[in-house]
Peer 1: 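Quick one: this structure, given as structure tokens, is what I'll be asking you about.
Computed from heavy atoms alone, side chains included, the values below leave out hydrogens, waters and symmetry copies. What you are looking at is a predicted structure, and each value in this text was computed from that prediction instead of being measured.
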Amino acid sequence: MKSHSPPRLANWLLASLLPAKDRQEIMGDLAEEWSFHVQSSGFGRWWYWGQALRSIPPCVWNRVREGYWIRTFFVALGVYIGAGLVEAAADVALSGILTSESLLRTVLNLVIGLTTIAAGGYVAARLRRGADAAMSVIVFVVVTVLIAAQVGDAPLWYGLVFLIVGPLSSFAGGALFLRKAP
Amino acid sequence: MARGEILGSLEHIILLALLRLKSRAYGMTVRREIEERTGRSISIGAVYATLERLETKGYVSSFTGEPTPERGGRAKRFFRLEPRGEEALRVSHDAIRKMTRGLRSRWGTV
């Protein structure tokens, strides 16, 4: 059975990563070409995925040249620092209740950390399209550096969970905003 | 166009597509025109990135059309070749013509 709609994940990637200036036109053109020419062919989904993945880099590069992603990076960095402050405040509050060796405190820190990153992704996407993706990259880089430098006394599994789920949380927060946005 | 500035190959091809398509030129038709005539597979993103560079240079202008259902309610962005773009195309084409003069025996079709 053939699908009548373009791949949803490819559309989500386009909506998340394409700069706002190009998004409507590119997604509209792909939807039109899909409905008229590609849908009926056997390789339609491959074609759509190829177009989506090949379309993002030149548009993003255009925005980098115009300084779009520099501003986006600083919005993401600001939100990341804000989320970090909230997380640190929660950690201080927990330290009065639980000892640092407590597994419950580690788990609560993890839940609070990932929740603040997801909320940060939501806020970042609301402030500027693509800032949630930039924040995902920041989270990934920071956690990688912290694991490599062995900063703090948190167990390795804690760092690895943050490394994998942290960037996804930021994306999820951004996706939540995109779903609600008109 | 600054003296001596030659269009990039994709810029050149896209301006020629606009010249051919006239009032029907928007992202999808430009992409398909190039693919059908040259056999070169090109992404819609590359088309827009190049058109925007050309618009910044003042070679093309754009305007937004009406949204349509088959586009998921999204509007088309039409592009139009401006006199500066046509001049850039002429200068670039002239340079290529001069550089290929005398190569007929090598390629046969020049």
Side-chain angles (χ1 to χ4, degrees), chain A residues 3-8 10-41 43-44 46-69 129-130 178-179 181-182, chain B residues 7-15 17-18 21 23-80:
Chain A
S3 169
H4 293 283
S5 57
R8 290 178 65 181
N11 265 350
W12 178 76
L13 269 180
L14 289 167
S16 302
L17 298 177
L18 280 178
K21 193 179 171 188
D22 307 314
R23 192 178 310 123
Q24 292 303 311
E25 292 88 351
I26 288 180
M27 292 184 72
D29 282 351
L30 284 178
E32 187 177 344
E33 198 157 358
W34 169 270
S35 65
F36 285 151
H37 308 289
V38 181
Q39 186 184 343
S40 55
S41 71
F43 58 91
W46 290 108
W47 177 89
Y48 199 93
W49 266 107
Q51 281 290 325
L53 295 178
R54 287 165 59 210
S55 288
I56 292 166
C59 293
V60 170
W61 178 239
N62 247 16
R63 289 296 166 271
V64 169
R65 283 159 43 129
E66 292 170 8
Y68 178 92
W69 280 97
R129 290 285 172 105
L178 284 176
R179 276 178 68 122
Chain B
L7 293 167
S9 67
L10 190 54
E11 290 178 331
H12 197 148
I13 287 170
I14 284 179
L15 287 181
L18 294 192
L21 290 164
S23 62
R24 294 177 296 114
Y26 63 99
M28 188 197 86
T29 53
V30 171
R31 201 197 74 75
R32 287 184 67 83
E33 178 78 7
I34 293 169
E35 201 162 275
E36 283 168 10
R37 286 192 175 271
T38 67
R40 176 177 173 175
S41 171
I42 184 172
S43 76
I44 191 75
V47 170
Y48 274 98
T50 307
L51 281 166
E52 281 169 15
R53 275 204 308 277
L54 292 167
E55 192 168 25
T56 306
K57 291 177 183 176
Y59 294 169
V60 306
S61 58
S62 68
F63 61 97
T64 305
E66 291 296 313
T68 57
E70 67 273 10
R71 298 173 59 84
R74 301 176 185 96
K76 289 175 186 170
R77 185 171 166 199
F78 288 96
F79 290 87
R80 188 168 40 211

Peer 1: Counting only non-hydrogen atoms closer than 4.5 Å, does A:Leu14 touch chain B with its backbone (N, CA, C, O), its side chain (CB onward), both, or neither?
Peer 2: neither
Peer 1: What part of A:Asn62 gets within 4.5 angstrom of chain B, counting heavy atoms only: side chain, backbone, both, or neither?
Peer 2: side chain
Peer 1: So which atom in B:Ala49 and which in A:Pro58 form the shortest heavy-atom distance, rounded to 0.1 Å?
Peer 2: CB-O, 3.8 Å
Peer 1: Among A:Met27, A:Gln51, A:Arg54, find the one that has a side-chain contact (heavy atoms from CB on, under 4.5 Å) with B:Ile44.
Peer 2: A:Gln51
Peer 1: With a strict 4.5 Å heavy-atom criterion, list every residue of residues 62-72 of chain B that contacts chain A, or say none.
Peer 2: B:Glu70, B:Arg71
Peer 1: Taking the side chain as everything from C-beta on, heavy atoms only, tell me whether B:Arg32 gets closer than 4.5 Å to A:Glu33.
Peer 2: yes
Peer 1: Do you know which of A:Ile26, A:Leu18, A:Val60 has the most heavy-atom pairs with chain B at a distance under 4.5 angstrom?
Peer 2: A:Ile26
Peer 1: Nearest 0.5 angstrom please: A:Glu25 CD to B:Phe79 CZ, how far?
Peer 2: 7.0 Å
Peer 1: Please classify the contact between B:Ser41 and chain A as side chain, backbone, both or neither, with a heavy-atom cut-off of under 4.5 Å.
Peer 2: both
Peer 1: Sort out for me which of B:Ile42, B:Thr29, B:Val47 touches chain A most, counting heavy-atom pairs under 4.5 Å.
Peer 2: B:Ile42
Peer 1: Give me the atom names and distance for the closest heavy-atom approach of B:Gly45 to A:Ser55.
Peer 2: N-OG, 2.9 Å
Peer 1: With sequence neighbours left out, write down each residue that passes ring pair (Phe, Tyr, Trp, His ring centres under 6.0 Å) with A:Trp12, or none if nothing qualifies.
Peer 2: A:Phe171
